[in-house]
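Everything numeric here is computed off the predicted structure, so don't read it as measured data. Numbered from 1 within each chain, the chains take letters A, B, ... in sequence-line order.
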Number of protein chains: 2
Amino acid sequence: MPGTERRAWEVVLESIEADLLSGRLSPGDHLPAERALAADLGVGRSSVREALRVLEVLGLIRTAAGSGPSAGAIIVALPGGGMSALMRLQVAAQGFPVADVVKTRLILEAAVVADLAGASARPDLAGSAQLLDAMDSPALTEAEFLALDTQFHLSLATASGNQVITATMAGLRSAIEGYARAGALGLASWAETSARLRGEHRAILAAIATAEPALARERVVAHIEGYYAETHDHPLHA
Amino acid sequence: MPGTERRAWEVVLESIEADLLSGRLSPGDHLPAERALAADLGVGRSSVREALRVLEVLGLIRTAAGSGPSAGAIIVALPGGGMSALMRLQVAAQGFPVADVVKTRLILEAAVVADLAGASARPDLAGSAQLLDAMDSPALTEAEFLALDTQFHLSLATASGNQVITATMAGLRSAIEGYARAGALGLASWAETSARLRGEHRAILAAIATAEPALARERVVAHIEGYYAETHDHPLHA
DNA sequence: GCGGCGGGTGTGGTCTGACCACAGTACACG
DNA sequence: CGTGTACTGTGGTCAGACCACACCCGCCGC
């Protein structure tokens with residue numbers, strides 16, 4: 001049977017995936033100890049560790065040394081970290097062009113705000129509004145402002161309640177974090193630009209609050225495309 | 001300095017990421033041998049292997065034993081596999097609800113077809129059309145049909161030229177592959193459903209070919225929402 | 001001189017065993 | 001009854017060994 005030759009760590013990974021799919025493992029559960037897992041599966045401990053390392057980076061488990069209920073490898077399923085690592089490294093390795101990352105973010109965020117504005121129930125945007133208040137402080141450095149900016153955009157995704165979009169947006173954002181920082185340094189006037197960004201943020205939130213999906217979408221598109229054009233000196237779309 | 005306590009494998013990962021960002025490593029390049037890397041960074045070989053395993057699953061490198069130019073760890077930056085693994089496992093671990101995966105796919109694919117239909121240059125859809133021809137064969141099993149279906153939808157993303165969307169769509173698709181298979185088994189009439197799917201695929205491609213973005217988007221939404229409703233017995237949107 | 005073949009060499013893949021730091025736990029001692 | 005200490009089991013790491021593999025080079029036979 002060709003293709004059966006799996007490497008030892010793949011066997012471990014598949015075993016754990018099968019346990020997840022079958023319900024033998026659920027979020028909050030402990031994985032068996034590394035040594036026990038190795039013995040059960042008939043592989044070496046180092047192979048088990050390679051599989052666990054993958055699961056950890058992917059955000060599926062959290063490991064802790066020591067003893068007691070909080071020690072060991074625990075299923076957590078927090079996708080944000082894994083998505084960020086994946087996208088950050090893919091951008092670094094030139095597998096993901098920055099323009100594609102921005103375009104994807106544009107599509108998702110436009111859909112998110114349109115969805116929020118069009119929702120039958122008014123979404124809870126208190127957290128987003130608080131972030132905007134914090135961004136009004138004149139004492140903020142550029143880095144602090146950008147960090148709050150990231151949190152604001154992410155809070156919109158969170159408000160949509162879509163786990164996949166939230167994680168993906170987090171990944172996209174962290175992938176281009178370095179470029180956003182570098183771009184901010186080359187701006188003619190940071191004070192001017194940041195003031196404009198503040199206003200655009202408020203306008204986006206306002207369009208959501210007044211339930212105007214098309215307007216919210218339009219403002220998000222202008223917001224992201226505008227900032228991209230300003231920091232890259234060439235348009236986003238070919 | 002708190003937070004400096006990095007685990008050995010993280011040191012390796014950060015070192016490689018830094019090399020990528022600085023341009024010391026580029027796609028196609030070979031990484032140093034595991035033993036050399038371990039010696040350079042002052043860590044054990046097992047720690048190096050854990051980091052390389054992560055990079056491999058994330059789709060950044062390809063490893064091969066033996067000797068010669070094709071052996072060793074090579075930077076490849078193929079995001080599809082990593083995205084698939086991440087999303088598949090997150091769904092398995094219940095971090096990603098299936099409905100969120102489908103919603104995200106809907107958003108991205110709708111944007112893709114609208115973009116293709118609205119592009120100034122007619123996109124190349126020969127590959128997509130060929131897949132539809134192949135799907136017309138009456139000898140196909142359900143699994144074979146679904147496999148071609150996956151390829152068709154993925155070919156649309158590929159035609160858009162956006163690497164991030166292509167990889168994300170591949171991941172989303174593989175994450176719900178199991179559910180699509182299970183859903184197909186519960187259908188009242190597979191022959192009837194597959195015939196409808198064939199027609200909808202043709203209609204989507206036609207709307208792109210005639211440059212009607214709104215129509216293409218509408219048809220994609222109906223296509224995906226329809227199949228979801230048929231296989232899940234409840235609507236996609238709350 | 002030429003061609004093939006066989007070992008040399010370096011690669012990843014795996015296992016074993018050992019040690020460490022850590023945290024909770026149980027037990028002995030005051 | 002309280003307290004503290006040794007014990008136990010966890011992940012984290014390293015060192016060393018062996019294997020299979022694939023290339024490459026040089027030897028040997030023709």
Item to check | Basic-acidic side-chain contact under 4.0 Å: Glu56(A), Arg53(A) | outcome: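 Answer for the salt bridge query: yes.
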Next on the checklist: With a 4.0 Å cut-off on N to O distance, would you call Glu50(A) and Arg7(A) a salt bridge?
Outcome noted: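 Arg7(A) and Glu50(A): not salt-bridged.
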Integer-rounded Å distance: [N] [atom2] and [X] [atom1]:
X	N	atom1	atom2	value
Ile61(A)	dG12(D)	CD1	P	9 Å
Glu50(A)	dT13(D)	CD	C1'	14 Å
His30(B)	dG10(C)	NE2	C1'	12 Å
Arg62(B)	dA22(D)	CZ	P	12 Å
Leu37(B)	dG13(C)	CG	P	14 Å
Arg49(A)	dG13(C)	CZ	P	17 Å
Glu5(B)	dC22(C)	CD	P	10 Å
Leu41(B)	dC14(D)	CG	C1'	15 Å

Can a donor-acceptor pair be found, under 3.5 Å and without considering hydrogens, that links the side chain of [X] to the backbone of [Y]?
X	Y	answer
His232(A)	Gly183(A)	no
Thr231(B)	Ala184(B)	no
Ser160(B)	Ala157(B)	yes

Is [X] touching bases, backbone alone, or none of the nucleic acid, heavy atoms closer than 4.0 Å?
X	result
Ala64(A)	sugar-phosphate
Gly44(A)	sugar-phosphate
Ala71(B)	nothing
Arg53(A)	sugar-phosphate
Ser47(B)	sugar-phosphate

Next on the checklist: Which is more 5' along DNA chain C, the nucleotide nearest Pro69(A) or the one nearest Ser67(B)? Just name the residue.
Outcome noted: Ser67(B)
Next on the checklist: Using heavy-atom distances to pick each residue's nearest nucleotide on DNA chain C, tell me which of Gly68(A) and Arg7(A) is more 5'.
Outcome noted: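 It is Arg7(A), whose closest nucleotide lies nearer the 5' terminus.
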Side chain of [X] - closest among [options]:
X	options	result
Thr63(A)	dT13(D), dG12(D), dG12(C)	dG12(D)
Ala65(B)	dG12(C), dG12(D), dT13(D)	dG12(C)
Trp9(B)	dG13(C), dG11(D), dT13(D)	dT13(D)
Ala8(A)	dG12(D), dG12(C), dT14(C)	dT14(C)

Checklist entry - So Leu20(B) and Ile75(B), side-chain contact (heavy atoms from CB on, under 4.5 Å) or not? Walk me through it. => result CA-CA 9 Å; Leu20(B) 285 170; Ile75(B) 312 274; 4.1 Å; yes
Next on the checklist: Does dT11(C) have its OP1 or OP2 closer than 4.0 Å to a side-chain nitrogen or oxygen of Arg35(B)?
Outcome noted: no
Checklist outcome for this item: Whichever of Val48(B) and Arg45(B) has the more 5' nearest nucleotide on DNA chain D, that residue is Val48(B)
